[in-house]
2 protein chains.
Amino acid sequence: MALSHAILVSLLDRPQSGYDLAKRFDQTVGYFWNASHQQIYRELHKLSEAGLVRPAELTQADRPNRIVYSLTEGGEAHLHDWVDEPTTAPNVKEELLVKLFALGTADPAALAQEVGRRLAFHQDRLARYEAVMAEYYPDPDSLPPRKQGHYLGLRMGVLLERSLIDWCREAEAVLAQAPR
Amino acid sequence: MALSHAILVSLLDRPQSGYDLAKRFDQTVGYFWNASHQQIYRELHKLSEAGLVRPAELTQADRPNRIVYSLTEGGEAHLHDWVDEPTTAPNVKEELLVKLFALGTADPAALAQEVGRRLAFHQDRLARYEAVMAEYYPDPDSLPPRKQGHYLGLRMGVLLERSLIDWCREAEAVLAQAPR
DNA sequence: GTTGCATATGAAACAATGCGCATATAAAGT
DNA sequence: ACTTTATATGCGCATTGTTTCATATGCAAC
């Protein structure tokens with residue numbers, strides 16, 4: 001149970017449909033917790049059966065009807081119980097590092113290219129994070145509690161991306177240094 | 001298929017049993033790619049069926065027999081094909097951030113405690129990484145290719161842990177600042 | 001006018017991951 | 001004597017994640 005909690009937390013803000021949740025997961029929350037729309041719909045059915053959320057169908061004239069879910073009292077209680085449980089650090093699953101372990105038998109030029117792609121990716125993502133930061137959190141010292149979580153998520157993103165950019169540069173140097 | 005590749009890469013170094021692999025995954029590789037011994041044994045059976053590794057049973061008198069796996073030619077080819085495919089950045093799945101999104105309705109004191117635990121965890125892990133770094137990689141400028149991957153893995157670990165430590169401190173400040 | 005995109009939900013199949021349980025022996029600690 | 005630790009391999013079930021397919025509509029672009 002973990003995606004379920006991400007959904008419940010998201011519903012704290014406001015009732016949402018599966019479609020809303022999927023879109024939101026593509027944006028803010030999705031930088032550190034991702035899910036496809038199929039996973040979300042499936043999970044919503046389960047949560048609904050478990051009585052943690054309540055569905056309400058909204059008729060729409062010109063578009064398909066929406067099914068908007070809201071937290072039940074049980075859902076809120078479940079969420080707060082979960083928050084009180086201790087959390088463990090995630091493990092990274094960094095494929096690129098696995099590939100680098102093949103150095104010595106694999107082609108260093110191909111790997112250098114990979115690292116270059118990753119550098120561009122992290123630079124791009126950092127730029128987007130910093131843009132959001134500048135627009136929505138110019139003054140992080142006086143945030144209402146409801147926004148602290150979002151700010152801290154973004155902040156972790158910024159710090160991690162910066163480190164990864166540094167790492168990519170170092171990796172490029174290492175790979176360039178001793179080409180077979 | 002991803003754990004399979006981590007196993008194949010590990011077997012590049014030398015033939016190993018499931019037990020060996022599990023231990024190794026607890027150490028070096030395991031910081032960014034984790035797997036339980038059950039996952040490893042299961043994957044070894046699959047790889048064996050696919051003809052990518054070859055098992056050899058070694059009889060031992062006083063202990064259970066070991067089944068040592070080595071890469072086949074097909075396994076090496078498969079590995080090199082995989083290295084040439086482009087890699088995507090992993091997504092983080094950071095439970096703690098999901099919990100922080102509940103701020104405003106959740107108890108900030110409990111979350112501050114969680115962040116404190118995480119700070120201690122990352123400090124500890126950083127210390128271990130730096131110890132390995134000092135012992136095995138005092139001079140990273142002249143590494144044989146076969147060791148570059150390990151060095152870069154460790155290096156990413158160091159950079160990420162430092163960032164996470166910084167983040168934890170900031171998070172503590174944010175949580176302390178506005179207690180309800 | 002047809003292509004593509006956004007809205008909106010879902011089934012079904014399959015692959016990968018994780019968690020708990022099971023088994024067997026020897027050495028070393030308490 | 002008893003417990004823990006290390007060696008060594010494995011099954012079964014549940015959860016999670018990915019891919020493909022299906023349906024239905026409106027709007028804008030080309």
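Naming: A, B, ... by sequence-line order, numbering from 1 per chain.
Atoms NE2 (A:H45) and C1' (C:dA8) sit 12 Å apart, rounded to a whole Å. When rounded to the nearest whole Å, the span between CD of B:E95 and P of C:dG18 equals 13 Å. Going from atom CG of B:L21 over to atom P of D:dT9 covers 10 Å, rounded to whole Å. The nearest whole Å value for the distance from the CG atom in B:D20 to the P atom in D:dA8 is 7 Å. Atom P of nucleotide C:dA16 and atom CD of B:Q38 are separated by 18 Å, given to the nearest angstrom. Atoms OH (B:Y41) and C1' (C:dG18) sit 17 Å apart, rounded to a whole Å. Atom CD of B:E43 is separated from atom C1' of C:dT17 by 10 Å (rounded to the nearest Å). Computed from coordinates, the B:E49 CD to C:dA15 C1' distance equals 15 Å when rounded to whole Å.
Considering only the side chain of A:Y19, C:dA6 comes nearest among C:dA6, C:dG10, D:dG10. The side chain of A:S36 has D:dT19 as its nearest neighbour among D:dT19, D:dT16, D:dG10. Distance from the side chain of B:P64 is smallest for C:dA24 among the nucleotides D:dG10, C:dA24, C:dT9.
Side-chain N/O atoms of A:Q39 include one lying less than 4.0 angstrom from OP1 or OP2 on D:dG17. For D:dT7, the OP1/OP2 oxygens have a side-chain nitrogen or oxygen of B:K23 closer than 4.0 Å.
Side chains of B:W167 and B:E172: no donor on one and acceptor on the other come within 3.5 Å. There is a side-chain donor-acceptor pair under 3.5 Å between A:H150 and A:Y137. Residues A:R24 and A:S10 have side chains that bring a donor and an acceptor to within less than 3.5 angstrom of each other. Defined by atom type and a distance below 3.5 Å, a donor-acceptor pair is missing between the side-chain atoms of B:R162 and A:S163. Counting only N and O atoms by type, the side chains of B:D139 and B:S142 include a donor and acceptor under 3.5 Å apart.
Projected onto DNA chain D by closest heavy-atom contact, B:K93 and B:V68 fall at different nucleotides, the more 5' of which corresponds to B:V68. Sequence order on DNA chain D of the closest nucleotides to A:R42 and B:G18 puts B:G18 first from the 5' end.
Taking five base pairs at each end of the helix from C:dG1-D:dC30 to C:dT30-D:dA1 and finding the rotation axis that steps the C1' atoms of four pairs onto the next four gives two axes whose angle is 30°, to the nearest 10°.
Among the candidates B:R125, B:R118, B:R128, the single residue satisfying the salt bridge (charged side-chain N to carboxylate O under 4.0 Å, His left out) test with B:E161 is B:R125. A:T87 pairs with exactly one of B:E114, B:R117, B:E95 by the side chain to side chain donor-acceptor pair (under 3.5 Å) rule, that one being B:E114.
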